[in-house]
Structures are given as structure tokens and as C-alpha cells.
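Excluded from the calculations below are hydrogen atoms, water molecules and symmetry mates; all remaining heavy atoms, backbone and side chain alike, are included. So that the names make sense, note that chain A is the first sequence line, chain B the second, and so on, each numbered from 1.
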Number of protein chains: 2
Amino acid sequence: MKNLTKRQEEILNLIKTHILDLGFPPTRADIARSLGFKSPNAAEQHLRAIEKKGFIKILSGASRGIVLNDSENDQIPVIGLVAAGGPILAEENVEKTIPRSNNLLSSDIDYYLRVKGDSMVDIGIFEEDLIGVSKSANTKVGSVVVARINNEVTVKTLIEMTQNKVVLRAENQEYEDIIVNPEVEELAIEGSCVALLRESI
Amino acid sequence: MKNLTKRQEEILNLIKTHILDLGFPPTRADIARSLGFKSPNAAEQHLRAIEKKGFIKILSGASRGIVLNDSENDQIPVIGLVAAGGPILAEENVEKTIPRSNNLLSSDIDYYLRVKGDSMVDIGIFEEDLIGVSKSANTKVGSVVVARINNEVTVKTLIEMTQNKVVLRAENQEYEDIIVNPEVEELAIEGSCVALLRESI
DNA sequence: CAATATACTGTATATAATTACAGTAATTAT
DNA sequence: ATAATTACTGTAATTATATACAGTATATTG
């Protein structure tokens, strides 16, 4: 699936917004009006280009016959046990996927991570809970982050972060702080925790 | 909102199915074809009747301009502070609503209740969390329930329940058990907690 | 008993919408 | 260097669609 140009992305977003707002896709004229085109054909040609790149399907002869090809995009993966080594989002780690429901949890969540262990119980994060992780949300001191230290994935609170010293704290007195020197050990902050789901109480 | 006739319900379902399948509503001709009408006007008149009863809105001049009025049905209310006296689901208690996403939290949730206080922190239920409450899920000893005692709503664990003695326990050592005699005091178990959402960590 | 609602057929038309064809111009691949 | 892609304007025709008008027949409500 090729990348869309900036303009094409704009149009795809317009289509999605239109569907969200009104419940059905826009016409060529709607698109032209929204983006200031003077000819509906400008919209038509953009749509053809977007279809060619695989993001939509145009049903010929049907008014507003624009079908989104969102299936993968629409699902949020739930990551169970992370196998040592590979990337978190590797397919073998995906336990299941759940449909993205735009409004349910407002934050932008890239994946859910199933919590293992009791190291965060003091702030109400329990074993088997699902943590909503955002890769893009900015991590600062005090954030609960998903960190990978020497290929092991862990959820902790970020306490200190300088060039040669990173402190991660469990929210459970029985655990000690993890102090890492990123210049010596492998450390990656994979994302920060922005939401929590518990499926059984 | 009046009830739909059998035929009108059939048409409303057809519209919903069409949207689910293709992503946009059917035309009058589509409806006529699907149900075997020989005139698109049959569909038109049904649509007008369904609109009059408040289930859809027809946008004039727009092709496929059928908007579902599903808002109440499809939304799960989020209950903030419960005003003393009235029913939990009374309109003044509804803080917002969030769309029901069948697969996200599998259990059948009738409403979300925003948690006040710290009485359940030991099992990871914190202030401002949203608890998914099911009215129909069977409550048994050990369940976390939403109880109403003398018009005050509270979330506690059900410890004991006999005809003249109900024990509710906070999951926080600083609180004492609540012991109620339902024959003397007013007590209602409104539902049990089946899920939890936390929107910020 | 009359008025209204339900459930259609049948015809017709204005307009909404897709879509083809003919251009222009700048940018990006090959 | 040449072809393809991107990003449009402008026009026009065909088809898709909404929607009004004129009926028929049965059921329900006031």
C-alpha cells in the first residue's frame, strides 16, 4: 500500500469526517466545495488515485459509493506476553485485536498491553489489566511508561531521565528502583500509558 | 417515540444492514428492490413514516441522505454524581455518553459510574475511574456491587446477604464494613461491576 | 362513521451525482 | 529526456435519485 500525498490524505480525512458526521460519504461536489475546487472532476481524479493506492474502493454507478478499506487500521492490537528480542508489535505477540472506537477512550492508543505481575498495584494497575499505550504521547518525568531494558519489556513510572541515568520505579514498595545507564545498557521507551481497561472485576 | 410497525422495522433494519455492509445508506430504489416493491415511492412513504416516528432523519435533496437517530440506543451513559433521591439513570446524572462498542468490553454494560472516593483502592478501583455496571449480571457474595442505601449510592464488595443482614465491605482497611438490615433500612443492589475504564494514568 | 394510518402500484420530473473528454501546468520517476 | 504522477479548470452527457402527484385497498382510531 503506497503512501498518500498530502492532498490525498486531506481528502481521505474529509471522507472519514463526513461519514462520522453524517453517516454517509460525500459526493464529488461535496469534496470540491469543501476544498475549494472549482470542478468536481478534481475530486474525481483524487478519488481514483486514492483508490489505486488501495485506501478506498469506488463503487461505480452508485452515488456516494465510496467504501473505506480500513480493516487493519481500525483494529487495536492487544499484546500479551512479549517474546524476548523482537518488536512489541510483532505478530506472534498479538493476542487479539479490538475495534478502535474513536470516542470510548479519547487518547490515541497504538496498542493495548496486558499487564503481568503486581509491580504497579499501588496506582491501581493490576495483573491482567489492559494498558492503553501511545507511542507518540510525550513521556515526561512522572509518566507511566512502557520500557524495554535489554530486550525485556516492563511497565514502570519514569522518575528521572538524563543522558546517562534513567530511573524507573515500580509502584509497589516491595520492588526497588531500576536504574539504567542508557550508554551501557540497551534502553528504549516504547510509549506511555494513557488509559486502562479491566475486563473483569 | 412511537413504535414502528413490523414493515417499518424491517425497513429500518435494512437501512442499518446496508450501512454496516457498505458504509452508506440505501436509496429508495435499493429498498424497493430488497423488499420486492414495484415502486420506489413505497420506500419513500415508509421512510417518511419512520422519520415521523423519530427513528431517522431524511436530509432533503441529498442522495442516500438517511441519518439514523440511534443516539440513545447506541450510547452507554456515564453517570457522574448521583443526585440523592431519584433513579441512578435520571437524566441529570448523565455526565456524557459513550458509544457502545460491542467487542471492546465484552460484558453487557448498562452504564458507567464514575467512582468517587478511595474506598476501593485495594482492588485497583480509583477515584475518577469509570466502572462498567451491569444490571442483569447475577450478584453473588464476592461481587463488587453498586448498592443504594437510604438513597445514597455506593460501590462495595458484597460479603454477606441474608434476609435480614447484608454486609458490604470497602476494599480499603481504613473503612469499616457496612452492615444493613434490609427489613429496616432501604437497600437496593443496583447492579454489579463487570469492567473498568481509566481515561488517564 | 369519518378521519387517519398503513401499505402499496404507477408515472413523471427535476435535480443530484457520476463520469467521460479536453485541457494546463508543475513535479517526480525512470 | 521522457513518461508518469500530481493537481487542478471547464464542459457536458448520462444515469441515479429524490420526490411530487394520482390512485387502490385495508386496518385502526377517535
Side-chain angles (χ1 to χ4, degrees), chain A residues 1-70, chain B residues 1-70:
Chain A
M1 200 127 85
K2 274 190 196 173
N3 285 337
L4 294 181
T5 67
K6 208 174 160 188
R7 203 60 164 153
Q8 286 163 1
E9 208 156 335
E10 224 172 319
I11 286 161
L12 186 57
N13 278 332
L14 190 87
I15 297 168
K16 288 180 181 173
T17 306
H18 196 283
I19 292 174
L20 222 65
D21 286 354
L22 292 171
F24 47 84
T27 64
R28 277 57 163 175
D30 288 338
I31 295 171
R33 203 174 314 114
S34 290
L35 293 181
F37 303 157
K38 292 186 179 159
S39 163
N41 194 43
E44 173 73 19
Q45 285 175 44
H46 278 302
L47 290 178
R48 295 291 161 191
I50 296 169
E51 183 182 38
K52 212 171 162 186
K53 289 182 178 175
F55 290 83
I56 59 169
K57 193 163 189 295
I58 299 172
L59 306 184
S60 96
S63 74
R64 304 178 191 273
I66 302 170
V67 180
L68 296 174
N69 285 163
D70 257 356
Chain B
M1 198 128 85
K2 273 193 197 171
N3 286 338
L4 295 180
T5 66
K6 208 173 162 188
R7 203 58 164 156
Q8 287 164 358
E9 207 156 336
E10 223 172 321
I11 286 161
L12 186 58
N13 278 331
L14 190 86
I15 297 167
K16 288 180 181 173
T17 306
H18 197 283
I19 292 173
L20 222 64
D21 286 353
L22 292 171
F24 47 83
T27 64
R28 280 45 166 183
D30 288 338
I31 296 171
R33 204 174 316 116
S34 290
L35 293 182
F37 302 157
K38 292 188 180 159
S39 164
N41 193 42
E44 173 74 19
Q45 286 176 44
H46 278 302
L47 291 178
R48 294 290 161 193
I50 296 169
E51 184 183 36
K52 212 169 164 188
K53 290 182 178 177
F55 290 83
I56 61 171
K57 191 161 189 299
I58 298 173
L59 306 185
S60 95
S63 74
R64 304 179 190 274
I66 302 170
V67 180
L68 296 175
N69 284 163
D70 259 355

From D:dT6, C:dT6, D:dT9, pick the nucleotide closest to the side chain of A:K38?
D:dT9
By side-chain contact (heavy atoms from CB on, under 4.5 Å), B:K38 pairs with (sequence neighbours left out) none
side-chain contact (heavy atoms from CB on, under 4.5 Å) with A:I56: which residues, sequence neighbours excluded?
A:L12, A:L47, A:I50, A:E51, A:I58, A:I66, A:L68
B:L4 CG to C:dA7 P, in whole Å, measures 10 Å
Output the rounded distance in Å from CZ (A:F24) to C1' (C:dA17).
13 Å
Could you tell me the separation between the CD1 atom of B:I31 and the P atom of C:dA7, rounded to a whole number of Å?
14 Å
Identify, with sequence neighbours excluded, every residue that meets side chain to side chain donor-acceptor pair (under 3.5 Å) alongside A:T27.
A:D30
Partners of B:E9 by salt bridge (Lys or Arg N to Asp or Glu O under 4.0 Å), sequence neighbours excluded?
none
Can you give me the closest heavy-atom contact between B:I31 and B:P26, atom names plus distance?
CG1-CG, 3.8 Å
Counting Watson-Crick and G-U wobble pairs with both distances under 3.5 Å, what is the dot-bracket string for DNA chain C, 5' to 3', using [ ] for crossing pairs and | for pairs to another strand?
||||||||||||||||||||||||||||||
Atom pairs under 3.5 Å, N or O on each side, protein against nucleotides 12-18 of chain D: can you list them with distances?
| from | atom 1 | to | atom 2 | distance (Å) |
| --- | --- | --- | --- | --- |
| D:dA16 | O3' | A:G61 | O | 3.4 |
| D:dT17 | OP1 | A:S63 | N | 2.9 |
| D:dT17 | OP1 | A:S63 | OG | 3.1 |
| D:dT17 | OP1 | B:R64 | NH2 | 2.6 |
| D:dA18 | OP1 | B:R28 | NH1 | 3.3 |
| D:dA18 | OP1 | B:R64 | N | 2.6 |
| D:dA18 | OP2 | B:R28 | N | 2.9 |

Strictly below 4.0 Å: does A:H46 bring a side-chain N or O up to OP1 or OP2 of D:dT6?
no
Whole angstrom is fine here: how far is it from CD1 in B:I11 over to P in C:dT6?
12 Å
Can you tell me the distance, in whole Å, between the CG atom of A:N3 and the C1' atom of D:dT6?
15 Å
Side chain to side chain donor-acceptor pair (under 3.5 Å) against A:N41, all qualifying residues, sequence neighbours excluded:
none
Check the interface with nucleotides 23-30 of chain D: list each N/O to N/O pair with the protein under 3.5 Å, or write none.
none

To the nearest 0.5 Å, atom CZ of A:R33 lies from atom CZ of A:R28 at 13.5 Å
Taking C:dT9, C:dT6, D:dA7 as options, the one with an atom nearest any side-chain atom of B:F37 is C:dT9
Hey, which of these two, B:K6 or A:I58, hits DNA chain C nearer its 5' end, going by closest nucleotide?
B:K6
Nearest-Å distance, CG (B:L47) to P (C:dC8)?
13 Å
Restricting to side chain to side chain donor-acceptor pair (under 3.5 Å), what partner residues turn up for B:E10, sequence neighbours left out?
B:R7
For B:A49, side-chain contact (heavy atoms from CB on, under 4.5 Å) partners two or more places apart:
B:Q8
Tell me which pairs pass ring pair (Phe, Tyr, Trp, His ring centres under 6.0 Å) where either residue lies in residues 28-51 of chain B, with sequence neighbours left out.
B:F37-B:H46
Report yes if at least one side-chain N or O of B:K52 is closer than 4.0 Å to OP1 or OP2 of C:dT4; otherwise report no.
no
Restricting to side-chain contact (heavy atoms from CB on, under 4.5 Å), what partner residues turn up for B:L22, sequence neighbours left out?
A:L59, B:H18, B:F24
